[in-house]
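Computed from a predicted model, the values in this text were never measured in an experiment. In what follows, chains are A, B, ... by sequence order, proteins preceding strands, each numbered from 1.
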Amino acid sequence: MSKDKQARYDAQAIEAKWQAIWERDGVDAASDDPADNRPRYYCLAMFPYPSGQLHMGHVRNYCLGDAVARYKRMCGFNVLHPMGWDAFGLPAENAAIKHGRPPAEWTWHNIDQMRGQLKRLGFSYDWSRELATCDPDYYRWEQWMFVQLLKKGLAYRKEAEVNWCEPCHTVLANEQVVEGECWRCGTQVSHKNLSQWFIRITDYAEELLNDLEKLSGWPERVRDMQKNWIGRSTGARIEFPLEGSDESLSVFTTRPDTLMGVTYMAVAAGHPLAKKAAENDPKLAAFVDECSRISTKEADIATMEKKGMSTGRYTLHPITGDKVPVWAANFVLMGYGTGAVMSVPAHDQRDYEFALEYDIPISQVIAPADGSAAPEGMAFTDPGVLVNSGEFDGLDSEAAKKAIIKALEERGKGSEQVNYRLRDWLVSRQRYWGAPIPVIHCETCGAVPVPEADLPVILPEELQPTGGASPLETCEAFVDVNCPQCGKPARRETDTFDTFMESSWYMERFTCNEYQDGMLDGDAVKAWMPVAQYIGGVEHAVLHLLYARFYHKLLRDAGVFTSKEGGDEPFANLLTQGMVLKDGAKMSKSKGNTVDPGSIIERFGADTARLFTLFAAPPEKDLEWSDAGVEGASRFLNRVWRMLDRVTDENANSGDAEDQQAVDGLRQVIHATIRRVTHAFEHGFAFNVAIAALMELSNALQSFEPKGQTGNAVLREGASALVTMLAPFAPHFSSECFDRLGIAEHAVTADWPKADEAVLKRDEVTLMVQINGKKRGEITVARDADQDIALAVAKADETIARWLENMNMVKVILVPGRILNLVVKPQ
RNA sequence: GCCGGGAUGGUGGAACUGGUAGACACACAGGACUUAAAAUCCUGAGCUAGCAAUAGCGUGCGGGUUCGACUCCCGCUCCCGGUACCA
């Protein structure tokens, strides 16, 4: 190779060369051989929806995952690092409408395209594990699982008010409504009463909440978001008998201690009581109607006036028997608790404002515990001591809660209750491009599960969606079946599963993607799960990440795999990476600020693209795209490339006497760098810092002047450490550098270097000298120098001595190896 | 409102359990090489004052603890994310 050619390395040629070699040698394969006794490590990045184009968010996600996987391999782990396709979903249908091609064709074509892009980037996936969720071999097991859930009563069908997105022409689960809008298309959702399929995630609310404690490897904020979403609150369910009726009005409250201060009841406009009362009251009917049409959008709700209207009905207080009026109110939600609340204006701010507005009495029953007066003009919402509460007077709030619940229990009027904000998971969708729900509707037998022998229910792939109703509804070959129970003509369910169903168990399926005898190979799951490191965007904090946790527990309880210690959770560690921004905004086609990964790779190569995305920001923060930054990354690789010339040229030394201090200094830099980079991988994946350290090492090697054999050897030691540690970030580049250095093994399977602590121990250290906390100089002392010696050296230093003139030494603080601080006072 | 997280040079970002703030890079300026440019290499740089040595100031704001605070405590401001009449 001529000097000229080496000025810039040829990324395109090198990357193609090494990708072919890795594939030939199978270096990326995970081993299922039980005799392979390397420790196992499962590294997973969230699989993509095959839109056809890889975007920078994907690139960042997969660069992070690949760096971790490669590092672990170099550390001697048997690494599972798979990739697949979240292949069902709406964009395929929209594309089908636009192009007049079936969604399946579009999807498979996109998968081919994106697989090519991922391969071009050189990610170390074990491609033999690849799966696509639209493959019947995949979704058949999801259907099988759903049948098991039906049998256990964990899946059910009910009519309920559900979120409806008109453009998407389907219902949505609660988690998929973001600020009143569809998570996918951003349209405001409306509400409809429809009969839909649900899975009882609420049965697992307690475990999903408690197990968050086990997830110490998760970001705090993701755990908090899930905790808030589950929304556990403890209190009491209390029955208020309705006057002139055998029925009672049931409420949930977190403050049973305030029961004696109840002055009115409030029910949702949609509450049966309000509806019934409205039948004979046109004004109330108008109010109920008005409430049913209010916006669900946050801004509207926040500014909305609190309105109510008397229903004319009364309940009887469960303890005193006093009459309590029932109001219909627009701030009570039918969907939470019982759709009715007991109102205590003295101790709830919202109730207080409502009472003032409508002239309802306010009765104080809690006094501040410290004996002070309750604040004027607002509700007193803190716990305190009960007053005006008859037999409960004098109790503190906590004791009163217990006593009042006990009194209610004795009267059969209430009990302690735990309430959750979490709703059951709505899993049916009125879409075509999804996994069919394996149910047959029979007029006599009702909804009958498809017998396991008849699974999978294969989705006909040749249909043409129109954007309105699912084409499945009019596909007679699909719909017309006989009831598996009675044999009479029946109708197949045409709804398909929420695509979050597929993404809820792909991580387990990756351990045994070709297993045919069941949903999962229990041994494989046991061997690989939980995922040691999961990496993806934070936007799935309460969507995918909650569903996948839930589904894992469902699989466990269905006996699909046997749980092992710590096997209750699918993801041991989670890294949530930030977005990729351009000009301060998220890259999007509509903003026209996208950067095509393909063009970057074409210009600079995959290694440069990878290095830049990891260097530009810490992983969990947003990354601002910078073309100049990409060039910087490219320059760095080229600098290393040229620097290797000095290593391979044995005659590059001057032949003078070796500068021992420079040699020792360089060795210290080498081993300090190994320590720093290793630390980054083991703690928090701060690759930006790791790469900065490698740049420093590169700079140190560049400025080092070897004089003879010793110098050459240390330079070589440093260069090989540098390219070895670059391998997780720029694997093709490192591989080629290994070749140039004449190292026989593959860079990507080389052993990760170990820092030699003996090298890092210095005999002499530099101490910063402070006078009254301000830096005034530096001294060099022996590593184990004590205070007296350090002080003597400091006093001998001219500049420091000047600061000590006419001063009395008050205090001396020595932090060995770091600082010497002298506290002085004028004489 | 509540729950998280954050604020460090012109920019992205470093700083281990309190111990030399600004590593590394980008952008910038000057220089070398070149007929010229690109590429590359060298040098400079937090701000203010000064020719300079140097001094003062400096991690959103105001207090505090400490020999010493980007780091810990108290009180604010602003920004980002989540969530919401949740009873």
Side-chain angles (χ1 to χ4, degrees), chain A residues 7-8 178-180 219-229 231-233 235 251-255 258 266 268 294 298 301-307 329-333 335-344 348-351 353-354 419-421 538-539 541-542 576 578-579 612 615-618 620-633 635-636 638-639 642 675-676 679 683 686 688-699 702-703 766-778 799 810-824:
Chain A
R8 261 195 119 74
V178 181
E179 298 196 355
E220 186 84 33
R221 67 176 176 139
V222 175
R223 286 190 287 167
D224 279 343
M225 282 160 75
Q226 292 210 356
K227 197 175 166 186
N228 291 339
W229 188 263
R232 183 184 199 269
S233 57
V251 302
F252 172 76
T253 180
T254 56
R255 292 294 302 272
T258 63
I294 58 162
E298 178 194 349
I301 289 169
T303 54
M304 188 176 71
E305 194 186 339
K306 289 165 187 59
K307 282 189 192 166
N330 65 355
F331 61 82
V332 182
L333 302 177
Y336 183 79
T338 59
V341 298
M342 61 176 223
S343 295
V344 187
D348 180 283
Q349 189 59 27
R350 190 189 50 206
D351 295 347
E353 285 164 22
F354 190 85
N419 209 28
Y420 297 95
R421 212 185 77 100
V538 73
E539 64 271 20
V542 285
T576 50
M579 291 186 298
F612 169 73
F615 177 65
E620 65 282 358
K621 282 187 70 171
D622 287 346
L623 182 158
E624 176 68 33
W625 184 263
S626 153
D627 290 330
V630 179
E631 285 182 39
R635 271 205 293 271
F636 168 63
N638 281 299
R639 263 202 306 275
R642 282 188 299 272
R675 191 164 62 178
R676 287 170 71 188
H679 185 267
H683 304 279
N688 56 329
V689 184
I691 293 167
L694 292 173
M695 288 174 169
E696 283 185 67
L697 174 57
S698 168
N699 292 344
Q702 181 60 44
S703 52
T766 306
L767 279 184
M768 191 232 345
V769 182
Q770 293 181 338
I771 311 289
N772 291 340
K774 290 199 169 162
K775 182 187 172 185
R776 297 299 180 194
E778 277 177 4
T799 28
V810 178
K811 200 172 175 183
V812 179
I813 297 129
L814 175 71
V815 181
R818 292 195 184 274
I819 62 150
L820 176 70
N821 190 10
L822 309 176
V823 185
V824 297

- Note on the structure: Between CD of A/Q349 and P of B/G1 the distance, given in whole Å, is 13 Å

- Round to a whole Å and report the spacing from CG of A/N419 to P of B/A87. 9 Å

- State, with a plain yes or no, whether a side-chain heavy atom of A/K774 is found less than 4.5 Å away from one of A/N772. no

- Query: Using atom C1' of each nucleotide, how far apart are B/U34 and B/C41 to the nearest Å?
  - Reply: 13 Å

- Look at all strands and tell whether A/R421 reaches a base, only sugar-phosphate, or nothing, counting heavy atoms closer than 4.0 Å. base

- Nearest-angstrom distance, P atom, B/C2 to B/U8: 25 Å

- Task: Sugar-phosphate atoms are those with a prime plus P, OP1 and OP2; base atoms are the rest. Using that split, label each nucleotide of nucleotides 13-29 of chain B B, S or - for protein heavy atoms under 4.0 Å, 5' to 3'.
- Result: SS-B--BB--BBSSS--

- In whole angstrom, give the distance that lies between atom CG of A/L333 and atom P of B/A84. 10 Å

- Which of B/G82, B/A87, B/G56 is nearest the side chain of A/R776? It is B/G56

Can you list, pair by pair, the side-chain donor-acceptor contacts under 3.5 Å of residues 811-821 of chain A, counting residues two or more places apart and other chains?
residue	atom	partner	partner atom	Å
A/N821	OD1	A/G773	N	3.2
A/N821	ND2	A/Q770	OE1	3.4

- Rounded to the nearest Å, what distance is computed from the CG atom of residue A/D351 to the C1' atom of nucleotide B/A87? 7 Å

- For RNA chain B, whose closest nucleotide is more 5', that of A/Q702 or that of A/N228? A/N228

- Message: Between B/A7 and B/C70, how many Å separate the two C1' atoms, rounded to a whole number?
- Response: 11 Å

- Query: If you round to the nearest 0.5 Å, how far is CZ of A/R421 from CG of A/N228?
  - Reply: 8.0 Å

- Message: So, does A/R642 get its side chain near the phosphate of B/C41, meaning an N or O under 4.0 Å from OP1 or OP2?
- Response: yes

- 4.5 Å side-chain heavy-atom contact, A/S343 and A/F354: no

- Query: Within a strict 4.5 Å, meaning less than it, do heavy atoms of the A/E220 and A/R223 side chains meet?
  - Reply: yes

- Query: Between B/C86 atom P and A/F354 atom CZ, what is the distance in whole Å?
  - Reply: 14 Å

- Please measure how far the C1' atom in B/G46 lies from the corresponding atom in B/A21, and state the result in whole Å. 10 Å

- Message: In this structure, how many angstroms lie between the P atom of B/G4 and the CD atom of A/E620, rounded?
- Response: 19 Å

- Touch check for A/V332, heavy atoms < 4.0 angstrom, all strands: base, sugar-phosphate only, or nothing? base

- Whole Å only: how far is the CD1 atom of A/I771 from the P atom of B/A55? 12 Å

- For A/T766, all residues meeting side-chain contact (heavy atoms from CB on, under 4.5 Å), sequence neighbours excluded: A/E778, A/T780

- Item | Glycosidic conformation of B/G9, taking syn as within 90° of 0 and anti otherwise | syn

- Distance from A/F615 atom CZ to A/N688 atom CG, nearest 0.5 Å? 7.5 Å

- Query: From the list B/C85, B/G82, B/G4, which nucleotide is the closest neighbour of the side chain of A/M225?
  - Reply: B/G82

- Please round to the nearest 0.5 Å and tell me the distance separating atom CG of A/N419 and atom OH of A/Y336. 4.5 Å

- Message: Taking only the C1' atom of each, what is the distance from B/G6 to B/C76 in whole angstrom?
- Response: 16 Å

- Item | All side-chain contact (heavy atoms from CB on, under 4.5 Å) counterparts of A/E539, not counting sequence neighbours | none

- Task: Hey, which sits more toward the 5' end of RNA chain B by its nearest nucleotide, A/V542 or A/D348?
- Result: A/V542

- Query: Would you write out the dot-bracket form of RNA chain B, 5' to 3', with Watson-Crick and G-U pairs under 3.5 Å, [ ] for crossing pairs, | for pairs to other strands and . for unpaired bases?
  - Reply: (((((((..(((......[....))).(((((.......))))).((((....))))..(((((..]....))))))))))))....

- Query: Is there side-chain contact between A/F252 and A/T254, with heavy atoms separated by less than 4.5 Å?
  - Reply: yes

- Sequence-distant partners of A/E696, side-chain contact (heavy atoms from CB on, under 4.5 Å), two or more places apart: A/R676

- C1' gap between B/G22 and B/A32, integer Å: 29 Å

- Query: Whole-Å distance between B/A84 C1' and A/R350 CZ?
  - Reply: 11 Å

- Message: Roughly how many Å apart are B/A45 and B/G9, using the C1' atom of each and rounding to a whole number?
- Response: 10 Å

- When rounded to the nearest Å, what value does the distance between C1' atoms of B/G62 and B/G13 take? 28 Å

